[in-house]
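Before any comments, here is the structure.
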Amino acid sequence: MWIKILLVEDNPADADLLAELLELSVEVQWELVLVEFLHEAIAHLSKQPFDVVLLDLSLPDSSGLETLTRLQQVAPDTAMVVMTGLDDEAIALESVRLGAQDYIVKGQITTELLVKAIRYAIERSQTSQMLRESERRFRAIFDSSFQLTNLLTPAGIVLEINQTALDFSGLRSGNIIGKPIWEMPVWTHSPNVKKQLKEFIAKACRGELVRSEIDLLGKSGQIITVDFSVKPVKNDTGEVLLLIAEARDISDRKRAEAEVLKTLAREKELSELRAKFVTMVSHEFRTPLTTIQFSAGLLQDYSANWSEEKKCTHFVRIQQAIKRMTELLEDILVIGKIEANTLKFKPVPLNLEKFCRQLVEDQQLNDSNRHAISFIFEGGNCEAQMDEKLLRQMLGNLLSNAIKYSPEGTPVYLYLSCQKSVAIFQIKDSGIGIPPVDRERIWETFYRATNVGTISGTGLGLAIVKRAVELHGGTIAIGSQEGVGTTFTAMLPLICNSIQSQDEPL
Ligand code: ADP
């Protein structure tokens with residue numbers, strides 16, 4: 001066996017004695033380098049590797065345990081055997097605690113003892129080097145894992161924490177090692193989470209594997225959802241020695257799941273809308289088409305013998321049916337634009353009193369005088385800047401609903417009052433009213449209240465009204481009592497700008 005020894009000894013007599021003892025050994029071949037000063041030893045160790053250092057702690061330029069620690073800094077993997085005097089046993093033991101592989105007491109050294117100490121020291125040093133290497137490898141895996149990992153005592157005290165967990169929580173290992181895991185700031189956002197964690201630790205301590213999704217608080221205040229588990233590590237007799245607490249960030253997965261659910265819900269909503277649309281269109285178009293077919297058929301077969309008045313009745317029916325279908329198509333087009341967010345808003349100067357008076361006249365004509373429709377102007381400056389087409393659709397829908405949902409002979413009113421910068425429109429009827437359960441939802445496309453009975457309709461009108469009010473930057477409210485009547489009150493700014501955002505709230 002060839003051993004390279006660095007002898008650090010300032011006493012020439014002791015150095016000679018050691019060299020002679022080594023000479024007597026037949027088992028080892030050696031190369032001995034002798035130095036008297038610590039700085040010389042440091043210089044040698046920095047330049048070339050030695051198998052072992054035989055070290056006297058008291059040197060001219062260093063003394064005591066510091067001599068050992070300074071050499072260890074230069075050559076952490078080299079075996080060190082400390083040489084002490086007869087009365088220095090305590091310091092010898094302390095040096096072993098600090099990492100020296102062995103010590104020998106000067107004056108008691110024999111060749112056999114010396115060789116044994118050197119060989120054991122080298123072996124021990126190699127073993128601890130391998131251990132350190134293995135520790136380094138495992139530490140690297142432990143630290144570079146994407147999981148936040150803690151090694152705990154069964155009572156939940158942190159023994160080890162990996163770099164990922166430190167980075168996430170903004171802690172340094174010194175702040176948390178030796179403390180209960182629930183003192184980490186990541187658990188502080190909710191007393192419930194902390195309580196849950198303590199229950200998990202207690203369960204794992206009884207030997208159970210615990211796993212759950214849980215929220216953690218990161219150092220910059222972000223909350224992430226993690227797949228959290230506490231695994232017990234047991235010995236051969238089943239006793240729990242350690243707990244491994246791990247947390248894997250699943251926020252992205254959760255977000256993706258939520259996104260998929262949202263898309264599915266939207267898809268479902270769209271397919272329901274499509275189904276409702278097809279039902280509504282086929283139903284709402286069939287009635288006027290039947291009227292046209294019926295009246296046209298009668299006119300063709302019998303008009304030769306009919307009075308002019310009777311013929312006229314059927315022509316008017318056909319015209320009304322066509323008008324109804326045209327309005328329906330117009331509503332469908334507008335709803336399509338609303339859904340695609342492409343409905344244009346073009347305000348123009350408008351005298352609201354004139355506009356409303358005309359609208360009421362048209363409605364009165366359409367209604368064939370079944371209701372008394374009154375326009376009441378309550379005053380104010382009614383020169384406005386609004387989108388004429390949208391306003392017509394909005395008030396037209398509200399008026400035709402008021403007519404449609406109230407019994408023949410009952411009055412319908414449109415009130416207009418212009419105050420400062422606001423125009424207030426009120427459409428009042430004495431009809432069936434809107435049940436409270438339906439009031440929130442009647443603005444939705446295709447939604448119809450539960451009391452409509454056989455009164456036909458599409459559920460499109462109020463969705464158009466809502467969007468028209470939004471585009472004008474106004475508000476609308478409903479006052480209604482079942483069996484008594486309904487009043488819609490819309491408040492719109494008198495002057496609306498065309499640049500107004502299409503997405504302003506109602
Ligand atoms: P519809 O074509 O069914 O009238 P709307 O969108 O115009 O569709 O109205 C939605 C629902 O609101 C109607 O189906 C009806 O239930 C209710 N509604 C609207 N206006 C009135 C009103 N003046 N009186 C009673 N119910 C009304």
Side-chain angles (χ1 to χ4, degrees), residues 272-273 275-288 320-321 323-339 343 356 359-360 362-364 366-367 370-375 390-415 425-471 475-490 506:
E272 278 170 10
L273 271 183
K276 279 184 196 168
F277 180 74
V278 171
T279 315
M280 181 279 288
V281 167
S282 51
H283 183 261
E284 287 302 305
F285 274 90
R286 189 165 293 146
T287 316
Q320 276 175 343
K323 189 164 183 284
R324 173 75 200 120
M325 287 199 297
T326 314
E327 281 167 1
L328 210 64
L329 277 174
E330 181 63 22
D331 279 357
I332 290 168
L333 272 172
V334 174
I335 283 290
K337 285 185 186 165
I338 289 175
E339 292 289 327
L343 193 61
C356 290
L359 197 72
V360 165
D362 292 348
Q363 292 286 340
Q364 188 77 68
N366 274 349
D367 186 45
R370 282 190 290 260
H371 300 79
I373 310 168
S374 313
F375 169 58
L390 278 178
L391 191 67
R392 179 167 293 113
Q393 252 159 343
M394 178 188 127
L395 295 176
N397 270 311
L398 291 171
L399 277 171
S400 63
N401 277 350
I403 295 164
K404 187 165 67 172
Y405 295 109
S406 47
E408 216 174 308
T410 55
V412 167
Y413 299 95
L414 167 61
Y415 296 90
F425 302 91
Q426 278 197 312
I427 297 90
K428 188 169 183 260
D429 65 55
S430 309
I432 60 171
I434 304 167
V437 283
D438 298 313
R439 266 175 227 169
E440 288 255 306
R441 299 197 57 197
I442 52 164
W443 304 104
E444 291 173 21
T445 314
F446 299 122
Y447 190 85
R448 305 198 68 215
T450 41
N451 63 338
V452 290
T454 54
I455 305 173
S456 75
T458 60
L460 297 180
L462 288 189
I464 295 172
V465 169
K466 178 175 178 265
R467 191 64 184 143
V469 171
E470 279 173 356
L471 288 171
T475 59
I476 186 159
I478 311 170
S480 186
Q481 204 179 338
E482 266 186 280
V484 176
T486 303
T487 305
F488 283 89
T489 308
L506 185 68

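The figures here come from the full heavy-atom set of this structure, side chains too, leaving out hydrogens, waters and symmetry mates. Atoms within a ligand are numbered from 1 in the order they appear, just like the ligands themselves.
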(request) Report yes or no: does Glu470 contribute a side-chain atom to a donor-acceptor pair with the main-chain N or O of Thr475 at less than 3.5 Å? (result) no
(request) Please answer whether the main-chain N or O of Ile434 pairs with a side-chain N or O of Ser480 as donor and acceptor at a distance below 3.5 Å. (result) yes
(request) Tell me the residues surrounding ligand 1, counting only those with a heavy atom closer than 4.0 angstrom, sorted by chain and number. (result) Asn401, Ala402, Lys404, Tyr405, Asp429, Ile432, Gly433, Ile434, Ile442, Tyr447, Arg448, Ala449, Val452, Gly457, Thr458, Gly459, Leu460, Gly461, Leu462, Thr486, Phe488
(request) Mark yes or no for whether Asn451, through its side chain, and Gly433, through its backbone, hold a donor-acceptor pair below 3.5 Å. (result) yes
(message) Using a 3.5 Å distance criterion without hydrogens, assess whether the side chain of His371 forms a donor-acceptor pair with backbone atoms of Pro407.
(response) yes
(message) Determine whether a donor-acceptor pair (N or O, by modelled atom type, separation under 3.5 Å) exists between the side chain of Asp429 and the backbone of Val412.
(response) no
(message) Applying salt bridge (charged side-chain N to carboxylate O under 4.0 Å, His left out), can you list everything that pairs with Arg324, at least two apart in sequence or on another chain?
(response) Glu284, Glu327
